[in-house]
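Notes for the one structure printed next.
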Protein chains: 2
Amino acid sequence: MPRTPDPKIRDRSRTEAAIVLAARDVLAESGFQGFGVNAVARRAGCDKQLIYRYFGGLEGLIDAIGGEIATWVEDSLAATGQAPPATYAELTERLILGFLEALRANALVQKIAAWEIAESSPLVARLAAARGAALSRWMALMRGGLAPPDGLDAPALNAMLIAAVQQLALSGAAAGSFAGLPLKTDEDWDRVRAAAVRIVRGLYAG
Amino acid sequence: MPRTPDPKIRDRSRTEAAIVLAARDVLAESGFQGFGVNAVARRAGCDKQLIYRYFGGLEGLIDAIGGEIATWVEDSLAATGQAPPATYAELTERLILGFLEALRANALVQKIAAWEIAESSPLVARLAAARGAALSRWMALMRGGLAPPDGLDAPALNAMLIAAVQQLALSGAAAGSFAGLPLKTDEDWDRVRAAAVRIVRGLYAG
DNA sequence: TGCAAATATCACCGGTGGGTGACATCTCGC
DNA sequence: GCGAGATGTCACCCACCGGTGATATTTGCA
C-alpha cells in the first residue's frame, strides 16, 4: 500500500482535481495564449477527452477555476486584520493597502485583471465575472458604517485609487516598473504605499 | 485612367502601406490573439508571402507599426495646448488630463498598454518599447522648469496618477466600467477628470 | 521587341489545436 | 461470477497557422 495513492487507480474526483490544478498552472504560467484543451490535458497527464466528459469543455473548466478565486478574498481579508477603523480616511487607507498586498500576492488574479482589458474572449469574460464578484464582496466586507466626507465624489476617487494600485501591481509583476518608477524591491513598494497613504489622507483627512 | 489607382497595378510601396494598415487594423480589432501572417494577409487582400518578402516576417511588421506610434505623441501634444503652466500643480494637472484624453483617443495605444501587462511575447516587447519611448518623450516635453514642492515623493505620486488614469482608460474601453464606476458617457469621464484634479490639487496646491 | 528583374500568386508541407467516436479496462452491485 | 456502467485511452477528422518553393504576370530597360 503506497502512501501516495497509486495514480493508476480510477478515481474521478482525483482526476478532476488534477485537471483543475493543471489548468490553473497553465493559465498562470503560459497565460491565456497557451491555454487549451491539449495543453491542460498534457499537463494533467490525462486524456483531453476527460476534460470534455467532466467539465463540458474549457468553459466549464474556467468556471471551476473561477470558483477558487472566491477563496482569494477570504484569505486576503483574513490577512488584512479585523480591527474596525475609526474614520473614513482610515478605512480607505486600509482598503487600498490591503488590496495592494492581496493583489501582489496572487499571480493568477493579477493575470485575470490584465486579461480583462487585453483580451475579449468568452473565457476571459467568465473569469472576469468571478473576479468582479469577489471584488464586490471585498468592498462590502470592508465597508463599515462609515460615510465619506460631504462634497467629495468618493466612488470616483476610490475607483481612481484602486485603479492606480491595480495598475502598479500589474506592471510591477510584468515589467518591474511603471513610468520610470521601479517596482521590485520592498523599498520600491514602500514608496508606493506612502504615496497612496498621502493621497488618501489629503483627500479624506485634510 | 481611374483617379483611384487600379489595385491591379503593381506598386510595392502601395502594397507595403496596405499591409501595414491591415496589420494595424487586425491588431486594434482582433487583438494580439488573432494577429498572424495569415490574418494580416487576408485583410490586406494580398498573399502572405509578401509580408515575408517586404518585412521579413511579423517582427519587421511590428517594427513598422511601432514607428507610427511616435506620431501619436506629436498629435496628442499638439492637441494639449502649449501655454506654459505657472505652477507645478497646474503642470501636473494638465499632464494628467492630457494623458487621459490622448490615451482614450487611441485604441491601438490602449491595446499596447494592456498587452504589456498581459502577454509576454517578443512581439509585444517590441511594441511596448516603442510606446515607452513615446511616453518618455511626452514626459520630457511636458516638464518645464518647474519643480515639485519639497517633502513630496513626486515621482511616486505622479506614477500613481498616471497609473490610475491609464487603468481607467483601459477598463473604460474594454468593459465600460471599473470597480463599479461607469466609464461610458461624457459625464462619467467628467467625474474622473474632477477626481483627478481634486487629487492633484490636494497634493500640490494644498 | 525581347528579355530579365520585380512583383504577386499559388500549392504545398509540417505542426498544432479543438472536437468526437470507438475501444479498453476497471468497479461495483446483483 | 458476471454484467453494466463508470473511468480512462486511442485514433482520427477537420481547420488553421507559420513558413517555403515554384510559378505566373507585369514592368522597365536595353
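Each chain gets a letter, A, B and so on, in the order its sequence line appears, and its residues count up from 1.
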From CD1 of A:I9 across to P of D:dT7 the rounded distance in Å is 13 Å
On a heavy-atom basis, which atom in B:L103 and which in B:Q110 lie closest, and how many Å separate them? O-NE2, 2.8 Å
Between C1' on C:dA8 and CD on B:E16, what's the gap in Å once rounded to a whole number? 13 Å
Taking atom C1' of D:dG19 as reference, at what distance in whole Å does atom CD of B:E59 sit? 14 Å
Residues touching DNA chain D, which here means a heavy atom under 4.0 Å, drawn from residues 43-57 of chain B: B:K48, B:Q49, B:Y52
Among the nucleotides C:dT25, D:dG19, C:dG18, whichever has the atom closest to the side chain of B:V37 is D:dG19
What is the distance from CZ of A:F32 to P of C:dG17, rounded to the nearest Å? 15 Å
For A:R43, look at atom CZ and say whether over 12 heavy atoms of other residues, nucleotides or ligands are found less than 6.0 Å away. yes
Rounded distance in Å - CZ (B:R12) to P (C:dA8): 9 Å
With a 4.0 Å cutoff (strictly under), does any side-chain N or O of A:N38 reach OP1 or OP2 of C:dT16? no
Determine the minimum heavy-atom distance between B:L170 and B:A114, stating which atoms define it. CD2-N, 3.9 Å
Of the candidate nucleotides D:dT7, D:dT27, D:dG8, which contains the atom at the shortest distance from the side chain of A:R10? D:dT7
Return yes if a side-chain donor-acceptor contact under 3.5 Å exists between A:N158 and A:Y204, otherwise no. yes
Find the distance between CD1 (B:I162) and CG (A:L168) and round it off to the nearest 0.5 Å. 11.0 Å
Scanning both residues in full, the closest heavy-atom pair of A:N38 with A:K48 reads OD1-NZ, 3.2 Å
Any A:T15 side-chain N or O less than 4.0 Å from OP1/OP2 of D:dT7: no
